[in-house]
K.L.:
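This is the structure I have questions about; it appears just below.
In this chain, numbering begins with 1 at the start of the sequence shown.
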Amino acid sequence: MFAHKTPALSGIAKLVLVLLLGSLMSACGHVPLATLAKLSQFDMLETDPGALRLAVKYPDAIRIPEDGATMALTIKRKADGTVLMEEKLAFEETESKADKAELSQELQTGYRLEIYQIPEENVPFFRSFQKHMASMSKSDREKVEGSLSIGVTGCLLADEKPSEIRVSTFLKAAELGGFITLVRNFDLEEQMAEIGGENGLERCPDAV
């Protein structure tokens, strides 16, 4: 049922957030308190996948490669963490002027702001996940854990690495009434150290 997979990008730093049935979980402490309150309005099983937007603000020193912004839909058994279903989808960049206008205050010299959406052909995968979760009985649903995780990968455009690479991410859904901040000024290098990455960010394969 959930067979579509997004290729892994080895050796590239990755920032991952997990929206767990409406709650935000993250290893870092950069999640605004206002975000936690707003996410109480987000329902992973009811949200319109076609209206979901992910915005990423990142420094000019790095690039988000094609398929570098992804989403994973997962169902795990609470008892032992066994993955029962998993669907990974890649976002695609959108040039929506209206969406960018909502985040105009985030425009900053030395940074880029890109906005992503779920490709139309991948929306059915998301709806299948929602339908499956909704069709489960209450007792069965209490035995599992459904999650929506958002991943952003990046690579360096030059050999010289900045002292820090700060990234901010924003989520938009119909029920949220606009973009909300997921994490602000998160250091990708710091994340790599926390998850045991030895090389940190690497140079983009096609960087000049």
Side-chain angles (χ1 to χ4, degrees), residues 4 6 9 12-19 22 24 26 30-32 34-44 46-73 87-127 129-130 148-158 162 165-188 201 204 206-208:
H4 180 81
T6 299
L9 296 175
I12 298 179
K14 189 170 187 179
L15 168 63
V16 178
L17 301 171
V18 177
L19 303 175
L24 179 67
S26 176
H30 298 253
V31 182
T35 292
L36 299 178
K38 273 284 190 180
L39 280 174
S40 65
Q41 304 170 29
F42 180 80
D43 188 339
M44 186 175 66
E46 297 291 338
T47 194
D48 176 7
L52 284 176
R53 297 290 185 273
L54 171 66
V56 185
K57 176 183 175 181
Y58 61 95
D60 289 337
I62 70 171
R63 186 182 68 189
I64 298 175
E66 187 176 355
D67 294 342
T70 60
M71 170 187 294
L73 302 169
E87 180 62 38
K88 295 183 179 180
L89 309 173
F91 284 98
E92 66 178 4
E93 189 176 353
T94 172
E95 297 297 333
S96 170
K97 293 182 179 179
D99 284 331
K100 284 202 171 183
E102 290 186 45
L103 291 169
S104 59
Q105 74 278 6
E106 298 295 336
L107 298 176
Q108 180 182 348
T109 301
Y111 280 80
R112 299 181 183 184
L113 179 67
E114 293 182 352
I115 299 176
Y116 300 87
Q117 64 185 5
I118 298 176
E120 186 176 349
E121 63 267 23
N122 286 339
V123 169
F125 287 109
F126 194 109
R127 294 197 185 280
F129 179 89
Q130 291 175 310
L148 181 163
S149 63
I150 294 173
V152 178
T153 62
C155 54
L156 291 168
L157 289 175
I165 298 176
R166 297 287 176 178
V167 176
S168 298
T169 57
F170 311 85
L171 179 70
K172 179 180 180 180
E175 60 269 36
L176 296 177
F179 283 98
I180 64 170
T181 304
L182 289 179
V183 291
R184 183 174 292 282
N185 296 328
F186 187 87
D187 193 325
L188 277 179
L201 276 82
C204 301
D206 57 348
V208 178

K.L.:
Rounded at 0.5 Å granularity, tell me how far CG in Leu103 sits from CZ in Phe179.
P.N.:
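Between atom CG of Leu103 and atom CZ of Phe179 there are 5.0 Å.
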
K.L.:
When you measure from the side chain of Thr153 to the backbone of Gly68, do you find a donor-acceptor pair of N or O atoms at a distance under 3.5 Å?
P.N.:
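Yes, Thr153 side chain to Gly68 backbone: donor-acceptor pair under 3.5 Å.
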
K.L.:
Going by heavy atoms in the side chains, are Phe91 and Val56 under 4.5 Å from each other?
P.N.:
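Of all side-chain heavy-atom pairs linking Val56 with Phe91, none is under 4.5 Å.
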
K.L.:
When you look at Phe126 and Ile118, which way does the side-chain contact (heavy atoms from CB on, under 4.5 Å) test go after all the steps?
P.N.:
CA-CA 9 Å; Phe126 194 109; Ile118 298 176; 3.9 Å; yes

K.L.:
Write down the atom of Leu113, the atom of Leu107, and the distance for their closest heavy-atom approach.
P.N.:
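Taking Leu113 first and Leu107 second, the nearest heavy atoms are CD2-CD2, 4.0 Å.
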
K.L.:
Using every non-hydrogen atom in the two residues, find where Ala173 and Thr47 come nearest and quote the distance to one decimal.
P.N.:
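Shortest heavy-atom separation between Ala173 and Thr47 comes out as CB-OG1, 3.8 Å.
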
K.L.:
Compare every heavy atom of Ala90 with every heavy atom of Pro119, then report the nearest pair and how far apart it is.
P.N.:
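In this case the closest contact between Pro119 and Ala90 is CD-O, 3.0 Å.
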
K.L.:
Before giving the answer on side-chain contact (heavy atoms from CB on, under 4.5 Å), spell out for Asp48 and Arg127 the whole-Å C-alpha distance, their side-chain angles and the decisive distance to 0.1 Å.
P.N.:
CA-CA 8 Å; Asp48 176 7; Arg127 294 197 185 280; 3.2 Å; yes

K.L.:
What I'd like to find out is whether the side chain of Ile62 reaches to under 4.5 Å of the side chain of Leu157, using heavy atoms alone.
P.N.:
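No, too far: nothing below the 4.5 Å cut-off.
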
K.L.:
For Glu175 and Asp43, which heavy atoms make the closest approach, and how far apart are they?
P.N.:
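Looking at all heavy atoms of both residues, the shortest contact is OE2-N, 3.4 Å.
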
K.L.:
side-chain contact (heavy atoms from CB on, under 4.5 Å) with Lys38: which residues, sequence neighbours excluded?
P.N.:
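side-chain contact (heavy atoms from CB on, under 4.5 Å) check on Lys38 returns Gln41, Ile180.
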
K.L.:
Drop me the distance from Ile150's CD1 to Thr70's OG1, to the nearest 0.5 angstrom.
P.N.:
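The OG1 atom of Thr70 is 9.0 Å from CD1 of Ile150, to the nearest 0.5 Å.
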
K.L.:
Mind running side-chain contact (heavy atoms from CB on, under 4.5 Å) on Phe186 and Arg166 for me, showing each step along the way?
P.N.:
CA-CA 5 Å; Phe186 187 87; Arg166 297 287 176 178; 5.9 Å; no

K.L.:
May I ask you to decide if Asp60's main-chain N or O and Arg63's side chain share a donor-acceptor pair within less than 3.5 Å?
P.N.:
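Absent.
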
K.L.:
Taking the side chain as every heavy atom from C-beta outward, state whether Glu92 and Gln117 have any atom pair closer than 4.5 Å.
P.N.:
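Yes, side chains in contact.
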
K.L.:
Give, for atom CG of Leu89 and atom CG of Asn122, the distance between the pair rounded to the nearest 0.5 Å.
P.N.:
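CG of Asn122 is found 5.0 Å from CG of Leu89.
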
K.L.:
Has Thr181 got a side-chain atom pairing as donor or acceptor with Phe170's backbone, closer than 3.5 angstrom?
P.N.:
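Checking the backbone N and O of Phe170 against the side chain of Thr181, no donor-acceptor pair under 3.5 Å is found.
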
K.L.:
Does Glu120 CD have over 12 foreign heavy atoms under 6.0 Å away?
P.N.:
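No, because the 6.0 Å sphere around CD of Glu120 holds 12 heavy atoms or fewer from other groups.
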
K.L.:
Within the 4.5 Å heavy-atom criterion, are Ile115 and Lys100 side-chain neighbours or not?
P.N.:
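Yes, at least one pair of side-chain atoms sits under 4.5 Å.
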
K.L.:
Can you name the salt bridge (Lys or Arg N to Asp or Glu O under 4.0 Å) partners of Glu102, sequence neighbours left out?
P.N.:
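Applying salt bridge (Lys or Arg N to Asp or Glu O under 4.0 Å) to Glu102 gives Lys172.
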
K.L.:
Would you confirm whether Gln130, through its side chain, and Met44, through its main-chain N or O, come within 3.5 Å as a donor-acceptor pair?
P.N.:
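Judged by distance alone, yes, a pair lies under 3.5 Å.
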
K.L.:
Checking side-chain contact (heavy atoms from CB on, under 4.5 Å) for the pair Lys57/Gln108: CA distance, chi angles, key distance, verdict?
P.N.:
CA-CA 9 Å; Lys57 176 183 175 181; Gln108 180 182 348; 2.8 Å; yes

K.L.:
Tyr116 versus Val152: any side-chain heavy-atom pair under 4.5 Å?
P.N.:
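Contact flag for Tyr116/Val152 side chains = no.
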
K.L.:
I need the minimum non-hydrogen distance between Val167 and Pro59, along with the two atoms involved.
P.N.:
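The pair with the smallest heavy-atom distance is CG2-CD, 4.5 Å.
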
K.L.:
Between Tyr111 and Glu106, is any side-chain donor less than 3.5 angstrom from a side-chain acceptor?
P.N.:
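On atom types as modelled, these side chains do not qualify, holding no pair under 3.5 Å.
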
K.L.:
Do the side chain of Ser96 and the main chain of Asp99 share a donor and acceptor less than 3.5 angstrom apart?
P.N.:
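Yes: the side chain of Ser96 pairs with the backbone of Asp99.
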
